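Okay, structure first, notes after.
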Number of protein chains: 2
Amino acid sequence: MSLPHAILTALLEKPSSGLELTRRFDRSIGYFWSATHQQIYRELGKLEAEGFIRTLAAEQPTRGQKKSYEVLPAGRAELARWSAASQDPKPLRDVMLLRLRAAAVVGTDGIEADLRRHLDLHRQQLAEYEEIEKRDFPPGKDSPEDRLRHLVLQAGIDLETFWTQWLTRALEEFADLPTDPRR
Amino acid sequence: MSLPHAILTALLEKPSSGLELTRRFDRSIGYFWSATHQQIYRELGKLEAEGFIRTLAAEQPTRGQKKSYEVLPAGRAELARWSAASQDPKPLRDVMLLRLRAAAVVGTDGIEADLRRHLDLHRQQLAEYEEIEKRDFPPGKDSPEDRLRHLVLQAGIDLETFWTQWLTRALEEFADLPTDPRR
DNA sequence: CGAAACATGTAACTTGTTACATGATTAT
DNA sequence: ATAATCATGTAACAAGTTACATGTTTCG
C-alpha cells in the first residue's frame with residue numbers, strides 16, 4: 001500500500017495532473033518508487049473517491065482534457081499517519097542473484113555478458129544520481145527538509161555504488177573460473 | 001516470471017515436497033527470492049502441467065499426503081535458458097525511502113523509532129549471513145559452484161552492511177535536526 | 001481417542017504489467 | 001485537414017497476499 005502515499009507526497013510537493021505525475025515518477029520519485037501511468041490514473045480515482053485529493057479545476061474536464069489534483073487535509077493526515085506507522089522491511093528480491101544461483105547448477109553460459117551490461121547500467125544510474133546531488137544539494141546550507149531528501153538520494157548513490165562494486169567483483173570471479181561448471 | 005525458476009533451482013539442488021520447499025524458501029533461497037507456501041503449491045502445479053517437473057512417488061498421493069517433485073530435462077533446459085537470457089535490472093523500490101521523503105513534507109514525528117527498529121533488524125540479518133558464511137564457506141578450497149554461491153551470499157552481506165550504515169547515518173541526522181520540519 | 005503437527009490446497013483480493021482505446025490540442 | 005502529441009482512460013492478465021479449508025500422521 002505504498003503507491004497512494006507516493007502520489008500524496010508528490011501532490012503535496014506540487015499539485016499535478018496524471019500525466020505530470022507520470023513524468024515525475026519517471027524522474028525523482030520513481031528513483032525509489034516506480035509507477036506506470038495506468039497505475040497512477042487508477043490510484044488517482046481511488047484517492048479522490050476516498051476524499052484524500054480533489055480536482056483543482058472548477059469545471060469537470062472530459063476525457064482527453066487535463067485534470068489537476070491537490071491534496072485535501074484528510075490526505076495529508078493519512079500520509080502523516082502512514083509515514084509514522086511501523087512497517088517491516090521487505091526481504092531482498094533480486095533476479096540477478098537468483099540467476100547466479102541457478103547458474104551454479106545449470107552452468108554459467110551466457111550470463112557474463114548480462115553482468116557486464118548491468119555493470120554499465122548501474123554506472124550510468126550512479127552518474128545520474130551524482131549529477132542530481134551536485135545540482136540539488138551543493139555543500140552547505142541545507143534546510144531540514146533538504147537534509148532528509150539528500151539522505152534519500154544518498155541511499156540511491158550508495159546502492160548503485162554497491163552494485164558496481166559487486167558486479168565488478170563478480171566479473172573478476174568469472175575471469176578466474178577454470179571452465180564452466182557442468183555444461 | 002522468476003518464481004518458477006527459483007523453484008526449479010531449488011528442486012535441482014534437491015528434490016523436495018511443497019512444504020520442504022517452503023522451508024527452504026524461508027532459509028537459503030528466500031534470502032533473495034521469498035515465497036509463501038500458497039505461491040509454491042500454485043507454481044508446482046503449473047510446472048508439472050508444463051512438463052518441467054514430475055512427482056517422484058509412483059502412487060499418486062491424495063490431499064494431505066506428502067508429494068515430492070524432481071526436475072525433468074525440459075525443466076533444466078528452461079532454467080539454463082532463463083539464467084542466460086538478458087533481463088533489465090528492476091528499479092529500486094523501498095518503502096522506508098518513500099516514508100522519509102514523505103516525512104520531509106508532513107513531518108518526522110514517529111518515524112525515528114522505526115528507523116531504530118530497522119537498524120536492529122538489519123544488524124540481525126547481517127549477523128545471520130555472516131554466520132552462514134563462516135559455516136558454509138570457510139577460507140580456501142571453493143569449488144566453482146561454491147564460489148558462485150558465495151558471491152550471492154556476499155551480495156546479501158554487503159547490502160545489509162549498507163543498510164546498517166545508512167540507517168546509522170540517518171539517525172545521526174535526526175539527532176541533529178533542530179526540531180521537526182513543519183509539524 | 002483426541003490434540004498437535006504435518007501437508008496440501010482453494011478463494012478472494014490487491015498490486016503491478018501489457019496492450020489497447022479514445023478524445024483534445026497544436027503545428028504544418 | 002491531418003498528423004503528431006498530449007492526456008485520460010479500459011480491459012485482461014500475471015503475480016503476490018491473506019484467510020481459510022481439509023486431510024494425514026504421530027504421540028500421549
Side-chain angles (χ1 to χ4, degrees), chain A residues 1-8 10-11 15-26 29-30 32-50 53-57 59-69 82 87-95 98, chain B residues 1-8 10-11 15-26 29-30 32-50 53-57 59-69 82 87-95 98:
Chain A
M1 280 276 294
S2 296
L3 177 58
H5 302 97
I7 291 176
L8 287 173
L11 286 181
S16 309
S17 67
L19 196 61
E20 282 161 2
L21 278 176
T22 302
R23 297 214 171 102
R24 290 171 62 198
F25 270 82
D26 285 342
I29 298 171
F32 46 90
W33 203 270
S34 60
T36 62
H37 85 270
Q38 292 88 341
Q39 277 180 283
I40 289 169
Y41 284 118
R42 193 203 293 178
E43 206 60 46
L44 283 171
K46 284 191 203 169
L47 286 168
E48 190 176 21
E50 288 169 317
I53 63 174
R54 72 167 173 206
T55 58
L56 262 180
E59 298 295 328
Q60 281 309 93
T62 65
R63 183 179 186 133
Q65 274 178 322
K66 192 164 148 177
K67 198 160 83 175
S68 285
Y69 295 89
W82 174 83
Q87 268 187 273
D88 283 338
K90 288 254 160 173
L92 174 60
R93 244 173 184 230
D94 188 87
V95 177
L98 190 56
Chain B
M1 280 281 294
S2 297
L3 177 58
H5 302 96
I7 291 176
L8 287 173
L11 286 181
S16 310
S17 67
L19 196 61
E20 283 162 2
L21 278 176
T22 302
R23 296 214 173 101
R24 291 171 62 196
F25 270 81
D26 285 342
I29 298 170
F32 46 91
W33 203 272
S34 60
T36 61
H37 85 270
Q38 292 87 342
Q39 276 180 284
I40 289 169
Y41 284 117
R42 192 203 292 174
E43 207 59 47
L44 283 172
K46 285 192 202 169
L47 285 168
E48 190 176 21
E50 288 169 317
I53 62 175
R54 73 168 172 206
T55 58
L56 262 180
E59 298 294 327
Q60 281 308 97
T62 65
R63 183 179 188 133
Q65 274 177 321
K66 193 163 146 177
K67 200 160 82 176
S68 285
Y69 294 90
W82 173 84
Q87 269 187 272
D88 284 338
K90 289 254 161 171
L92 173 61
R93 248 178 179 222
D94 188 88
V95 177
L98 190 56

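Residue numbering restarts at 1 for every chain, and letters A, B, ... go by the order of the sequence lines. Keep in mind that what you see is a predicted model, and the values were worked out from it rather than measured.
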With a 4.0 Å limit, can you tell me whether A/Gln65 has a side-chain N or O closer than that to the phosphate oxygens OP1/OP2 of D/dA7?
no
Do the side chain of B/Arg93 and the main chain of A/Ser34 share a donor and acceptor less than 3.5 angstrom apart?
yes
What contact category does A/Thr22 fall into here, base, sugar-phosphate, or nothing, at under 4.0 angstrom with non-hydrogen atoms?
nothing
Separation of atom NZ in A/Lys66 from atom C1' in D/dA7, rounded to whole Å
10 Å
Looking at B/Arg42, does any N or O in its side chain come under 4.0 Å of the phosphate oxygens OP1/OP2 on C/dT10?
no
Considering just the side-chain nitrogens and oxygens of A/Lys67, establish if one lies under 4.0 Å of OP1 or OP2 belonging to D/dG9.
yes
Below 4.0 angstrom from OP1 or OP2 of D/dT17, is there any side-chain N or O of B/Gln39?
yes
Please figure out whether A/His37 or A/Pro4 has its closest DNA chain C nucleotide nearer the 5' end.
A/Pro4
Atom of B/Ile40, atom of B/Gly18 and distance for their closest heavy-atom approach
CG2-O, 4.1 Å
CZ of A/Arg93 versus C1' of D/dG16: gap in Å, rounded?
7 Å
Could you please name the option among C/dT18, D/dA15, D/dA19 that lies closest to any side-chain atom of A/Thr36?
C/dT18
Between B/Arg23 and B/Lys90, which is nearer to the 5' end of DNA chain C once each is assigned its nearest nucleotide?
B/Arg23
Rounded to whole angstroms, how far apart are CD on B/Glu48 and P on C/dT8?
12 Å
Rounded off to whole Å, could you give me the OH-to-P distance for the A/Tyr41 and D/dA11 pair?
17 Å
Which atoms form the tightest heavy-atom contact between A/Ala6 and A/Trp33, and what is the distance?
CB-CD1, 4.3 Å
Would the distance check show the side chain of A/Glu48 and the main-chain N or O of A/Gly45 forming a donor-acceptor pair, the cut-off being under 3.5 Å?
no
Measure the distance from CD on A/Glu20 to C1' on D/dT8 and round it to the nearest whole Å.
13 Å
Tell me which nucleotide among D/dG16, D/dA15, D/dG9 gets nearest to the side chain of B/Leu3.
D/dG16
